[in-house]
2 protein chains.
Amino acid sequence: MAKTRRILKWQRDPEGMRLRILEAAKAEFAAHGLAGARVDSIAKQAGANKRMLYYHVGNKEDLYLEVLEGAYEKIRAEERGLDLEHLEPPEAIARLIDFTWNYFIQNPEFLALLNTENLAKARHLKRSTKVKSMHSPFVEMIRTVVTRGVESGDFRAAVDPVQLYISIAALAFFYLSNSATLSVIFGRDLLSKDARDERLEHMIALVLAALTGKSITALGKSKAPKLQVTAQQVTRFVVPGLTRDP
Amino acid sequence: MAKTRRILKWQRDPEGMRLRILEAAKAEFAAHGLAGARVDSIAKQAGANKRMLYYHVGNKEDLYLEVLEGAYEKIRAEERGLDLEHLEPPEAIARLIDFTWNYFIQNPEFLALLNTENLAKARHLKRSTKVKSMHSPFVEMIRTVVTRGVESGDFRAAVDPVQLYISIAALAFFYLSNSATLSVIFGRDLLSKDARDERLEHMIALVLAALTGKSITALGKSKAPKLQVTAQQVTRFVVPGLTRDP
DNA sequence: CGTGAAATTAACCCGTTGGATAAATACTGT
DNA sequence: ACAGTATTTATCCAACGGGTTAATTTCACG
């Protein structure tokens, strides 16, 4: 026949479409922020029509909130998979730092989304019951690790787990989130493989030195020999596929 | 006469106008980011007309870059005023942390502007010869302080001054820049006076403990007496409000 | 004074953008 | 097959927002 046989034009795929929309939205919001994101751009990137966004998710802000919630869900899920219970306290902390670092490296949109939400003074997050109920397991993990460390004598002093958690996140987050401006200021590429390795080593050395009182190498001077837990060991242990973009 | 005597409508003030425009632009860009900022809003906030922005500065991006450069100029100027040469190494580091912390607290727009610029992958900063020539004096200050500290025995090991500089900035920057989302997540106000004091103490304790090897109180437990604090005590002391909201 | 440049205002232009409407097409169950 | 609903497409639009044009007013200087 002439009219019906014009090749199938499209097929239904609600879930798939929804996922593609959210994925595209995540990329767009991460790249341009909330105000800078373009709804049409998200639609095109999702291989869809703008109308689809409103049909499947809602308006721009709904879309944004859903993306944000998804981002928190994802990191919380991965956090739960990291059990530090069976490790010696210093190794547990090193592992925690290593995880945080690599998660941020592999999920740069997460950093951008958090910055965007903070620019908005967490306006959306406050309205999200979902996110507020997703507690990070890290605080409790850290608390028990620190307690164990103090009791075993590995650590000299106790730390508020929330402060430590924030500090570990800070050391990694700031470096990566601000790598663009910092690279310009310092005139060197902070995202090169060497620079990243050096940074990870420095962070682990700094925190462990503070906690244990033992000097770990030279506070993160790269190619250092392997006394105690070196960053290389940990890195090799946790992160096989660290390489990044072209 | 009826027509000429209608009270003076406006007076000339080029420099003043320019300053008010830049001040208003700083506030607007800091509050909404580059894409979210509204040119009309800046004009109104400056007590001016939109046309004035273009007359005195240039288009939106010129305006933004000028604001950004001004922000860097300001912090660099204050940094230069801080001489750490005559202080004992540990005190110099503590002073540096204290300065960074308080500067960030008193200039929150600076944090927002940096985040905005990083979202733009430092696109504007790269084009700014002005900023690229404004090196922070801190890196060299830190280098000499660390060297002195190692020689005097105050510090156990040398650190890359750039890494240390970034780490100090990170500990303060992340906490403040992300205080909105963190406050929601942890269910407590991280910007209260007590919380801020506690944070400052923690940062100083963390860095100095790592550098000197000596345990400074209990890694930043606030009003705590100088007895070695046990984990239980810390837990009880720090975590009263860890339970989550409604 | 009065005149010309500098500073400021008022009004308009026009592409963009978030959002809405309505029509078309694919599936599902019967 | 067929009806009814779920999904998708094709347009449309009113508001917004950056930028411009042109007219108006102030002031320094002769």
Keeping the roles fixed (side chain from [X], backbone from [Y]), state whether a donor-acceptor pair exists under 3.5 Å.
{"X": "A/Lys60", "Y": "A/Ala37", "value": "yes"}
{"X": "A/Asn107", "Y": "A/Tyr103", "value": "yes"}
{"X": "A/Arg38", "Y": "A/Ala35", "value": "yes"}
{"X": "A/Asn118", "Y": "A/Leu114", "value": "yes"}
{"X": "B/Asn49", "Y": "B/Met52", "value": "no"}
{"X": "B/Asp160", "Y": "B/Val162", "value": "yes"}

* Under 3.5 Å, is there a donor-acceptor pair linking the side chains of B/Glu69 and B/Ser128? -> yes
- With the threshold set at 4.0 Å, does a side-chain nitrogen-carboxylate oxygen contact exist between A/Arg123 and A/Glu61? yes
Students should find that the end-to-end axis angle of the helix from C/dC1-D/dG30 to C/dT30-D/dA1, with five pairs defining each axis and rounding to 10 degrees, is 10°
Gap between atoms [atom1] and [atom2], on [X] and [N] respectively (whole Å):
{"X": "A/Met52", "N": "C/dA24", "atom1": "CE", "atom2": "P", "answer": "16 Å"}
{"X": "B/Tyr54", "N": "C/dT8", "atom1": "OH", "atom2": "P", "answer": "17 Å"}
{"X": "A/Ile42", "N": "C/dT17", "atom1": "CD1", "atom2": "P", "answer": "12 Å"}
{"X": "A/Tyr55", "N": "C/dT21", "atom1": "OH", "atom2": "P", "answer": "16 Å"}
{"X": "A/Lys44", "N": "D/dT9", "atom1": "NZ", "atom2": "P", "answer": "14 Å"}
{"X": "B/Arg18", "N": "C/dA6", "atom1": "CZ", "atom2": "P", "answer": "16 Å"}
{"X": "A/Asp40", "N": "C/dA20", "atom1": "CG", "atom2": "C1'", "answer": "13 Å"}
{"X": "B/Glu28", "N": "D/dG17", "atom1": "CD", "atom2": "C1'", "answer": "12 Å"}

Here the ring-ring contact (aromatic ring centres under 6.0 Å, His included) pairs for residues 38-66 of chain B, sequence neighbours left out, are B/Phe29-B/Tyr64, B/Tyr64-B/His124
Verdict with reasoning, A/Ser41 to A/Glu28, per side-chain hydrogen bond (donor to acceptor under 3.5 Å, both in side chains)
CA-CA 8 Å; A/Ser41 175; A/Glu28 177 78 4; 3.1 Å; yes
Under-4.0 Å side-chain N/O to phosphate OP1/OP2 contact, A/His56 with D/dA6 | no
Separation between NE2 (B/His202) and CD1 (A/Ile166), nearest 0.5 Å, reads 8.0 Å
Interatomic distance, CD@A/Glu79 vs OG1@A/Thr100, rounded to 0.5 Å, equals 7.5 Å
So salt bridge (Lys or Arg N to Asp or Glu O under 4.0 Å) across residues 39-58 of chain B, not counting sequence neighbours, yields B/Asp40-B/Lys50
_Do B/Leu63 and B/Glu66 have side chains that approach each other closer than 4.5 Å (heavy atoms only, starting at C-beta)?_
no
Note: contacts of residues 58-66 of chain B with DNA chain D (heavy atom, under 4.0 Å) are B/Asn59, B/Lys60
Over all strands shown, is A/Ala37 touching base, sugar-phosphate only, or nothing at heavy-atom distances under 4.0 angstrom?
sugar-phosphate
Could you pull out the protein-nucleic contacts involving nucleotides 27-30 of chain D (nitrogen or oxygen on both sides, under 3.5 Å)?
none

Any protein N or O atoms within reach of nucleotides 11-16 of chain D? Criterion: under 3.5 Å, listing atom names and distances.
none

